[in-house]
Amino acid sequence: MRDARAPAPPGLPLFHPCGRVRSRQPVVTQHGTSCTYLAKHLSTTSRSPSTCALNVTPLTGPRPTREHQPASSASTPPKRAHSHRPRRRTQARLASPACLASDARSHMGLIPFGWLPMDPATAATLTGALPPPFPAAAANGAAYCIDPSLLPHARQPAAAISPAAVEAAARQQQQQRRQEEEEGAAIRLVHLLVTCTGAIQAGDYAAAHGNLAESRAILAAITTSAGIGRVATHFADALAQRLFPAYPHAAPPALLPPAAPGELYSRFYDAGPYLKFAYSTANQAILDAVEGCDAVHVVDLALMQGVQWPMLIHALSKRPGGPPRLRITGIGPHPSPGAAGDELREVGIRLAEFARSLGVPFCFRGVCVDQLDGLSNWMLKIVPGEALVFNSILQLHRLLVDPDADPAVPAPIDVLLDLVTELQPRVFTVVEHEADHNKPLLLERFTNALFHYAAMFDSMEAAGGGIDPLAEAHLRGEVFDIVCGEGSARVERHELLGRWRERLSRAGFAQVAFGPNEVRLATAQLISATSFSGSGYGILECAGSLALAWHDRPLYAATAWRAVGGGSSAGGAVADNGRGKGIRP
């Protein structure tokens, strides 16, 4: 399966195993995947008309024609007359050699015999019992001989074909025809969705409604439980939801399955190696940063179910010389009205019981904020002497704003990064989507998201066992936010690694590179701990960053950072006891 790589849209930077970032044109090598149809749509829409023309190479040498050629002077070579009438295949008649030679001059290229221009000596060895080359045919220096295998008496009778072979050939043709029809419908479907998005962006809601209705008709005729049908269904529903308030005659969208965000997140964790990769790489960076420390304080910017921390607690319990004192501050939203209980407190109790069972001194504190830019220093209860760690898994993109936002107003992401820089943590672990969905224009945002989530759904299907409906609903919610949300209502503002490097560097951070040991460890954990080996997943490295990839297309990128502002000892601790040769300035 390694040669069936999922294609990427032009210009999308890709991680490379050698550490380089490159752009690659889409390569279609696997039939039936969502990314395949997207790449074919891209190639058909960008193809120029000239590429569809046939290249006709004229034959060299003299070519007799039926037209009468007028006499020309010696200084002016005679021009070849061209007949624009369609050629007709005429049946050759077996006649005398002179007649055949005459026909060779007048019907060259029209007789279904194999007229072979060759040397007379060579012709004599090939023609066998045939008479020598015809003298009349050698006027231009070439001899024409009949290929004996093409004569009627030399043809062998065709072998009898069994009915089973005929039936198998018919089934193969029918299957090939179905595949061609499916491919055409899929490419047409993608074209309609992109055209509908462009019409919505231009304000032509009537045209958008027509495109959406036609795409719905195609979806009704193809399978929507896998492949491009599954992906297109989510994007068509998102377009319908965006179109419905603006154009009342559009069909209302389908509703998401009723489930709490925590339940969706938990099912997404179980559906693939995505969050497992994020947690394991972040934990490894934390272990390297706090090596030799007696007290560790981890600030988790999104505690969720707390699934990340049992692995860290277990690793600390095995540390030579005994485990350190561990304190975790979990950030989460305020409980919703009517909620069954305090989720942060329940997660903290489970983590405390697990740490106690392993003999790790543990303390937990929950902090409720609805927005991460609302965090303050006093909320975190920083204790001098503790090795401070900040951890962010798929959270920083929620603090971004439109690229054309007013620069005079501090963006939420800048407020949070200023706080983290001020506290000078030993390490700041960041995992984000490797995607570009923070574009102000809907069409560009829609196209990028279509490619990214096509790869996501293809990878989830390849993991085996089908896709969990709640895990699918988790991704569907991201699609709806990207397509339907505008302004402050849109929170899924994914950006590529290069933009995150620029932003974190401006905020006063220096990247801590993952070394070769971390690459090997992440690959081993992906294969052994998640049981997804051989299904197309892989670990890519780019300038000290790691990425979880599907057929070499990065899906999630993990980085580690240290604060360099202020020159405190805490900021330089990572360089002394961190990765050794793996650290790069």
Full working for side-chain contact (heavy atoms from CB on, under 4.5 Å) between Leu312 and Tyr279: CA-CA 9 Å; Leu312 180 69; Tyr279 293 160; over 6 Å; no

Could you tell me whether Phe480 and His234 have their ring centroids closer than 6.0 angstrom? no

Please step through side-chain contact (heavy atoms from CB on, under 4.5 Å) for the pair Leu504 and Leu417, ending with a clear verdict. CA-CA 8 Å; Leu504 290 168; Leu417 293 181; 3.7 Å; yes

Flag side-chain contact, heavy atom, 4.5 Å: Asp237 against Arg476: yes

Qualifying residue for side-chain contact (heavy atoms from CB on, under 4.5 Å) with Leu301, from Val430, Thr329, Val369, Leu416: Leu416

Between Arg445 and Glu486, does any NZ, NE, NH1 or NH2 come within less than 4.0 Å of an OD or OE carboxylate oxygen? yes

Would you check if the side chain of Thr421 reaches a backbone N or O of Ala507 as a donor-acceptor pair within less than 3.5 Å? yes

Do Thr447 side-chain atoms and Glu444 backbone N/O form a donor-acceptor pair below 3.5 Å? no

Using atom types as modelled and distance alone, determine if a side-chain donor or acceptor of Asn283 lies under 3.5 Å from a backbone N or O of Gln308. yes

Under a 4.5 Å cut-off applied to non-hydrogen side-chain atoms, are Leu375 and Val367 in contact? yes

Donor-acceptor pair, Gln201 side chain versus Leu443 backbone, under 3.5 Å? yes

Output the distance between atom NE2 (His334) and atom SG (Cys368), rounded to the nearest 0.5 Å. 5.0 Å

What is the minimum heavy-atom distance between Met456 and Ser459, and which atoms define it? O-OG, 2.7 Å

Given the rule in the side-chain hydrogen bond (donor to acceptor under 3.5 Å, both in side chains) test, do Glu343 and Gln305 qualify, once you have shown the distances and angles that lead to the verdict? CA-CA 8 Å; Glu343 185 176 359; Gln305 305 291 329; 3.3 Å; yes

Please work out which of the three classes, parallel, tilted or perpendicular, describes the rings of His452 and His433, given edges at 30° and 60°. perpendicular

Electrostatic pair Arg503:Glu495 at N-O distance under 4.0 angstrom: yes

Spell out, as yes or no, whether a donor-acceptor pair under 3.5 Å connects the side chain of Thr197 to the backbone of Leu193. yes

Value rounded to 0.5 Å, distance of CG in Leu264 from CD in Glu472: 11.5 Å

Check for a donor-acceptor pair, side chain of Glu432 on one end and backbone N or O of Leu396 on the other, with a separation under 3.5 Å. yes

Side-chain heavy-atom pair Ser215, Cys196 within 4.5 angstrom cut-off: no

Regarding Asp402 and Arg490, does a basic nitrogen lie under 4.0 Å from an acidic carboxylate oxygen? yes

Contact between Trp309 and Val347 at the side-chain level, heavy atoms closer than 4.5 Å - yes or no? no

Tightest non-hydrogen contact, residues Val401 and Ala411, listed as CG2-CB, 4.1 Å

If you take all heavy atoms of Val231 and Ala454, which pair is closest and at what distance? CG2-CA, 4.0 Å

Can you see which heavy atom on Phe390 is nearest to which on Pro425, and at what distance? CD1-CB, 3.9 Å

Would Asp481 and Arg493 pass as an ion pair if we require N to O under 4.0 Å? no

Determine whether the side chains of Asn438 and His494 contain a donor N or O and an acceptor N or O closer than 3.5 Å. no

Mark yes or no for whether Gln173, through its side chain, and Gln176, through its backbone, hold a donor-acceptor pair below 3.5 Å. no

Closest non-hydrogen contact found for Ala232 with Leu219 is CB-CD2, 4.0 Å

Nearest-0.5 Å distance that lies between atom CZ in Phe235 and atom CD1 in Ile228: 9.0 Å

Can you check whether Phe268 and Tyr274 have ring centres sitting under 6.0 Å from each other? yes

With heavy-atom distances below 4.5 Å as the criterion, would you say the side chains of Phe428 and Val389 are in contact? no

Per side chain to side chain donor-acceptor pair (under 3.5 Å), Glu214 is matched among Arg188, His209, His191 by Arg188

For a quick check under 3.5 Å, do Thr195 and Asn211 share a side-chain donor-acceptor pair by atom type? no

Looking at Glu167 and Arg171, is there a salt bridge between them, counting it only when a charged N and a carboxylate O are closer than 4.0 Å? yes

Worked check of side-chain hydrogen bond (donor to acceptor under 3.5 Å, both in side chains) between Glu182 and Thr223: CA-CA 10 Å; Glu182 177 187 355; Thr223 177; over 6 Å; no

Regarding Glu263 and Arg267, does a basic nitrogen lie under 4.0 Å from an acidic carboxylate oxygen? yes

Will you find, in the side chains of Thr559 and Arg501, an N or O donor that is under 3.5 Å from an N or O acceptor? no

4.5 Å side-chain heavy-atom contact, Leu555 and Phe277: no

Between Asn448 (side chain) and Asp436 (backbone), is there a donor-acceptor pair under 3.5 Å? yes

Here the pair of heavy atoms bringing Val431 nearest to Ala558 is CG2-CB, 3.9 Å

